[in-house]
Amino acid sequence: MAPGADQVFNNTQTPLRDKDFTLLSQNGYQLQGDGTIRPPGSTQPLRVSDVPLVLDELTSRQRLQAMMELNVIFNKYGTKNLPDDALEDVRRIGRQNWPVLPEQVRSDLKSYFSVKEVEEMNAGVGPMRVPQTWLPLEAPGPYEVADSTSSDVNPYLGAAQAVPAAAGSAPAPSAAAQVQPAAAPAPQAAPVAAQAAPIPAAATVAAQIEPAVAATQVAPVPTAPPAPAPSAPVAQISGAATAAVSAVAAAVAPTVTPAAQPAPAVKAAAAAQAAVPAQAPSGYTFKTSAAEPARLQAVGAVGTQPAAAPAAPTAPAAPQPVEYPETPPETFKQFLAQAPYGRQAQDLLAMISDHAAPEARKTALGEIARYTPLVFVDSRRAGRGTRAAIVKLREEGGPTGQYLVALSPGPLMVARKSLFSRNKQFLLPDDPEYYKSLGVPAPALQAAGASPDANREEEVTERGPARVFEDGSARLEYGLEQMAGDLLREITFLDPVLRGLPADAYGNALLARTRQFLFYRRLQKDTGKSPALSADALASYREWQDRPQDDLDFVVQALAAPVSAAVLPDLSGGKESRAAWRKLHDRSLLDEAGLTPAGEADSQQPADAAVTASPEAEAALLPQAKSLGELSAAGKQWLEEETRFRAEAQADEKK
Amino acid sequence: MRRSKALSALLLLAAGTSAAADRGYVAYTAPGNVFTCEIPKGWQAFGSETPFGSSVHVLGPAEEKGAWRAAIHVHFFQKSKPGFVPFDAMLKRERTPDVTTHRQATVVTRWRVSRGSGRRFDVTETRLLPPDILPAKPVVLHHYYAMVPAGDGYFVIKLSSTQEDYQRHRDDFDHLLSTFLITGY
């Protein structure tokens, strides 16, 4: 046994690859605040020696499940002339599981993809890079809206801002397409692609939010017949895995009837996988969850529409916003049971389903069912987000990927004494890479996992409940209710991006904030007790209730500040100037917290148009200011929901 | 000695006036011609409809190393809007202390604004800045407030900055109030 193999595995010290982390999370493993990982239903953390075995096991299960799903489809339709939705399902399963499928199966499936797609998927077989969640200084900030030339699609932007960077380049492989629910084409992509050549011209996908996603939706004409009809019935696989597969199969093809013969390669591989033991060395039993996102066919989710509607092959259609259906609570529960979310994420989503306001609920659940963005509770992946962040995963060989909502269970906190005032608390990011990007050493704090065995105590600090360690460092502890609200806010942020709606960072921010606070209010009403919020979240929530104008002012001023630069970004100078502002801010704050070598903080302020007041800057800012005054769709929605709430609150008061 | 103190005071006053004049102000008319006023040159204004009426935000210089931006806000509260809070009740809400944010208000003074009798007071509070991005720290904010009745409704005028910089915005707020003219609602 390798030295240290029996030690408890710590993700902070040895970060998992994103692919592995996703796999564990989808199967119910929970990352703890101290970096350890617990199997579902167990309080015993994984040991170092367990990790490779667990990952192998879960990968095997994913492979088996994919092959069984293919089996079901081929049993029903054969392998030639598949109906559009079945063809799309085969392509989806292939895309999502390409790296784990046996070579022979991949070879059989090649006929369902274009050569370029196969090349792209083969390139994606390599390990995924860890996403850059800490928003490095040269990258756009989470609210930055003006940098339409940025190669990163900002989660706070709509399609219009995303296109220029991508339109001129060849579409790249998309992780998003690999994890999206079945037959969930990117908005407008499939209809165009269905009539187009296998590899669309850049102009064809120019109107799409993610050209890469559009490219993977192209339905090429199979160049060779696929593998012969399958033979092994599903029932040959026994145990929990079969139950999971059957559940997914039922969701994918509710009317499927057991039949016939799997492809020889599929059959052989399935048989081999069936022999894999379901017990890990550490003694826990694996949770058999569907690695494949379940779909809401029962409620008519738009994601189940076939991708073959005819469309003009040349000019891109104008974006048509996707309309989400109403999702009954029971249906959503069933969906959650099969969806690729860990237990904590399931709990949060269930809370949203139970307590969110009708409009917010409809959007959130519709988005989850259709696009299935990943949801992790992980402060490291939340990066610079105080409570949450939206991350776009990257893959080797491709710039775009699945969206991930990373929720922070609580940031690091250090306090510094001041001679003339109270202790000042500093909230800090968790990720060592963030500090590396700033050129400062990561703080060796016990709360950051520097001493896993250090004693800690639960305390209510000025910023809220926290675990306070011996060295004085602490980690705030956000409650589930707060995190559910944060998740709802992030989902609301992400929605216009996924649906290809026009960009409006300001309107989206207001709408997301209102929905989050309405959620807390309804939660309070439903449960009869105040939601457990951190001090800062509670202050904002109260302000929004009692003095909405002050809350609005606070949002405007924070979003217009150079560090965020979401409102009137050019007020803070160009892209370089904004990066310089962020660097100045971060280094100054770390310096004040005593976390940088003495005297290293830069004090020179970058450009600020409000100070220089040059005519050129004024002329450039005028259109931006004007557009802020005209409410976008998100802004109008915000106004409508806020007005309705104020009227209801007034009626409640009168009662 | 007394003469030199008086001279110093005069010089300081002149310097302050000169600084304000150097900075300069420009005329601003709110959307819908609701009010006019003069705002500091270089500050950027935009207005929009709100659930309680309408608002204008005038964004000023960055503060706190880029984590915050000073701004003037003018909110018009219309009685016809749902959830309307009467003038006195809103005045009370604005001045209510809050333990979580250490919010405190000064006494209310009468101040002539747009030929009417406005109420003026200051508020300080401590908020986490930036609110959604790390690293962050609590920062003391300062708000100049003026509330001005207008027909059935009223205006809430506010200049918000960090406590560290609030002194240099006092002239801006005074100038805003002295030029503020309600022209329609």
Side-chain angles (χ1 to χ4, degrees), chain A residues 141-142 384-387 411 424-429 463 535-536 538-540 542 546-549 552-554 556-558 560-564 568 571-572 581-582 584-586 588-590 592-593 605 608-613 618 621 625-626 628-629 631 635 639 642-643 646-647 649-650, chain B residues 23-24 31 40-52 55-57 59-71 73 75 77 81-85 90 93-94 96 98 100-101 103 123 125-138 140-141 143 156 158 160-161:
Chain A
R384 285 186 71 197
T386 306
R387 287 182 278 175
K424 185 176 266 188
Q425 303 92 9
F426 297 87
L427 303 191
L428 305 168
R463 309 245 73 79
D536 299 296
L538 184 63
S540 296
R542 281 185 185 155
D546 298 339
R547 294 177 280 108
Q549 71 278 13
L552 184 61
D553 298 345
F554 186 76
V556 168
Q557 286 181 268
V563 170
S564 297
L568 288 182
L571 200 53
S572 308
W581 271 113
R582 283 193 287 273
L584 170 71
H585 169 264
D586 289 11
S588 302
L589 197 141
L590 294 178
E592 196 180 343
Q605 291 214 342
D608 187 353
V611 176
T612 54
E618 296 247 350
L621 285 164
K626 193 179 173 192
L628 276 173
L631 287 177
L639 191 63
E642 271 278 340
T643 304
R646 300 289 161 194
Q650 192 175 38
Chain B
R23 188 159 57 224
K41 194 177 175 188
W43 292 37
Q44 297 299 319
F46 71 94
S48 64
E49 190 183 352
T50 61
F52 41 82
S55 297
V56 167
H57 308 281
L59 298 167
E63 297 178 326
E64 200 56 44
K65 309 286 186 192
W68 189 243
R69 193 173 276 288
H73 308 279
H75 300 289
F77 286 76
K81 295 286 181 182
F84 175 77
V85 180
M90 183 57 78
R93 285 189 188 186
E94 291 284 18
T96 302
D98 182 59
T100 314
T101 59
R103 187 180 175 92
V123 168
E125 62 176 346
T126 305
R127 301 296 289 269
L128 186 73
L129 293 183
D132 295 316
I133 298 174
L134 296 174
K137 66 174 183 181
V140 182
L141 301 179
H143 314 293
V156 174
K158 175 180 169 188
S160 177
S161 68

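Within every chain, numbering begins at 1; the chains are lettered A, B, ... in the order of the sequence lines, protein sequences first and strands thereafter.
- Contact tally against chain A (heavy-atom pairs below 4.5 Å) for Pro131(B), Pro138(B), Ala45(B), Ser55(B): the top residue is Pro138(B).
- Residues Arg547(A) and Thr96(B) are not in side-chain contact: their nearest non-hydrogen atoms beyond the backbone lie 4.5 Å or more apart.
- For the atom pair Ile133(B) CD1 and Arg582(A) CZ, the distance stands at 8.0 Å (nearest 0.5 Å).
- Taking CG of Asp132(B) as the reference point, atom OG1 of Thr386(A) lies at 6.0 Å (rounded to 0.5 Å).
- Heavy-atom pairs under 4.5 Å with chain B peak, among Gly635(A), Pro411(A), Ser572(A), at Ser572(A).
- Your options are Met90(B), Glu125(B), His143(B), Lys81(B), and the one with the most heavy-atom pairs under 4.5 Å with chain A is Met90(B).
- Between the CG atom in Leu590(A) and the NZ atom in Lys137(B) there is a gap of 11.0 Å [rounded to 0.5 Å].
- Neither the backbone nor the side chain of Ala649(A) comes within contact range of chain B, judged by heavy atoms closer than 4.5 Å.
- Taking the charged nitrogens against the carboxylate oxygens, Arg127(B) and Asp536(A) have no contact shorter than 4.0 Å, which rules out a salt bridge.
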Lys158(B) vs Gln549(A), side chain to side chain contact (heavy atoms under 4.5 Å, CB included): CA-CA, chis, key distance, verdict: CA-CA 10 Å; Lys158(B) 175 180 169 188; Gln549(A) 71 278 13; over 6 Å; no
Test side chain to side chain contact (heavy atoms under 4.5 Å, CB included) applied to Asp546(A) and Val85(B), step by step: CA-CA 10 Å; Asp546(A) 298 339; Val85(B) 180; over 6 Å; no
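- Residues Trp581(A) and Ala62(B) approach most closely at CH2-CB, 3.7 Å, considering heavy atoms.
- Neither the backbone nor the side chain of Pro31(B) comes within contact range of chain A; no heavy atoms are under 4.5 Å apart.
- When heavy atoms are compared at a cutoff of 4.5 Å, Thr50(B) approaches chain A by way of both its backbone and its side chain.
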Derivation of the side-chain hydrogen bond (donor to acceptor under 3.5 Å, both in side chains) call for Glu63(B) and Gln557(A): CA-CA 10 Å; Glu63(B) 297 178 326; Gln557(A) 286 181 268; over 6 Å; no
For side chain to side chain contact (heavy atoms under 4.5 Å, CB included), just list the numbers for Leu571(A) and Arg69(B), CA-CA rounded to whole Å, side-chain angles, deciding distance to a tenth of an Å, and then say yes or no. CA-CA 10 Å; Leu571(A) 200 53; Arg69(B) 193 173 276 288; 3.7 Å; yes
Step by step, would you call Phe554(A) with Leu129(B) a side chain to side chain contact (heavy atoms under 4.5 Å, CB included)? CA-CA 10 Å; Phe554(A) 186 76; Leu129(B) 293 183; 4.1 Å; yes
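- Comparing Glu94(B), Glu49(B), Glu64(B) by heavy-atom pairs within less than 4.5 Å of chain A, the highest count is held by Glu94(B).
- Side-chain atoms of Ser160(B) and Asp553(A), non-hydrogen and from C-beta on, never get closer than 4.5 Å to each other.
- Heavy-atom pairs under 4.5 Å with chain A peak, among Leu59(B), Leu128(B), Leu134(B), at Leu134(B).
- Closest approach of Leu428(A) and Pro135(B) over heavy atoms only: CD2-CB, 4.1 Å.
- Remark: the Thr101(B) side chain and the Arg542(A) side chain contain no N/O donor-acceptor pair separated by less than 3.5 Å.
- Contact tally against chain A (heavy-atom pairs below 4.5 Å) for Ala70(B), Gly60(B), Pro130(B), Gly83(B): the top residue is Gly83(B).
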